[in-house]
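Notes for the one structure printed next.
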Amino acid sequence: PAPALATPTNCTIWADSSYAYSKCTGGTGEHMIGVEQWHPWAGPILLTGEWAAVGQVSSVRLTPYTIRRTWINKRG
């Protein structure tokens, strides 16, 4: 039988003035940073980083607008 897979755990999100990042240090699989920013005339801007393995960092370049929310997509 195939080994059981677990989605990433122990995940953190952080940002600086140019990028948002995610890193997961437990479990298996991959994770991806997601960000919603707000443009005053166009509305929401949705950004996602690249899929990254557990222990690696996913990043996405930010626009100059306000961050409304962040999240981490996960796949086992």
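All heavy atoms count here, side chains included; hydrogens, waters and symmetry mates do not.
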Original post:
When rounded to the nearest 0.5 angstrom, what distance separates CH2 in Trp71 from CD1 in Ile13?
Top reply: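 Here the interatomic distance stands at 9.5 Å.
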
(request) Calculate, to the nearest 0.5 Å, the distance between atoms CD and CG belonging to Gln37 and Leu62 respectively. (result)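 If I round to the nearest 0.5 Å, the distance is 5.0 Å.
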
Please check if the side chain of [X] supplies one atom and the backbone of [Y] the other of a donor-acceptor pair under 3.5 Å.
X     : Y     : result
Thr7  : Gly76 : no
Ser58 : Ile33 : yes
His31 : Gln56 : yes

Neighbour count above 12 (heavy atom, 6.0 Å) for Lys74 NZ
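Above 12, so yes.
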
Atom of [X], atom of [Y] and distance for their closest heavy-atom approach:
X     : Y     : result
Val35 : Ala20 : CG2-CB, 3.6 Å
Ala15 : Tyr21 : CA-CD1, 4.4 Å
Thr12 : Ile72 : O-CD1, 3.9 Å

### Query
Would Tyr19 end up clustered with Trp14 when hydrophobic side chains under 4.5 Å apart are linked, directly or stepwise?
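Looking at the clustering, Trp14 is in the same group as Tyr19.
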
Query - Val60-Val57 co-clustered via ILVMFWY side chain contacts under 4.5 Å - result: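 No; tracing contacts between hydrophobic side chains, which count when under 4.5 Å, never links both residues.
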
Can you sort out the partners of Trp51 under side chain to side chain contact (heavy atoms under 4.5 Å, CB included), two or more places apart, ordered by chain and number?
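Applying side chain to side chain contact (heavy atoms under 4.5 Å, CB included) to Trp51 gives Glu30, Met32, Asn73, Arg75.
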
**Prompt:** Listed by chain and number, what are the side chain to side chain contact (heavy atoms under 4.5 Å, CB included) partners of Val54, not counting sequence neighbours?
**Reply:**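 Counting only residues at least two positions away or on another chain, Val54 forms a side chain to side chain contact (heavy atoms under 4.5 Å, CB included) with Pro8.
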
Sequence neighbours excluded, every pair satisfying side-chain hydrogen bond (donor to acceptor under 3.5 Å, both in side chains) that has a member inside residues 39-50: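 For residues 39-50, and leaving out neighbouring residues, the side-chain hydrogen bond (donor to acceptor under 3.5 Å, both in side chains) pairs sorted by first residue read His39-Tyr65.
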
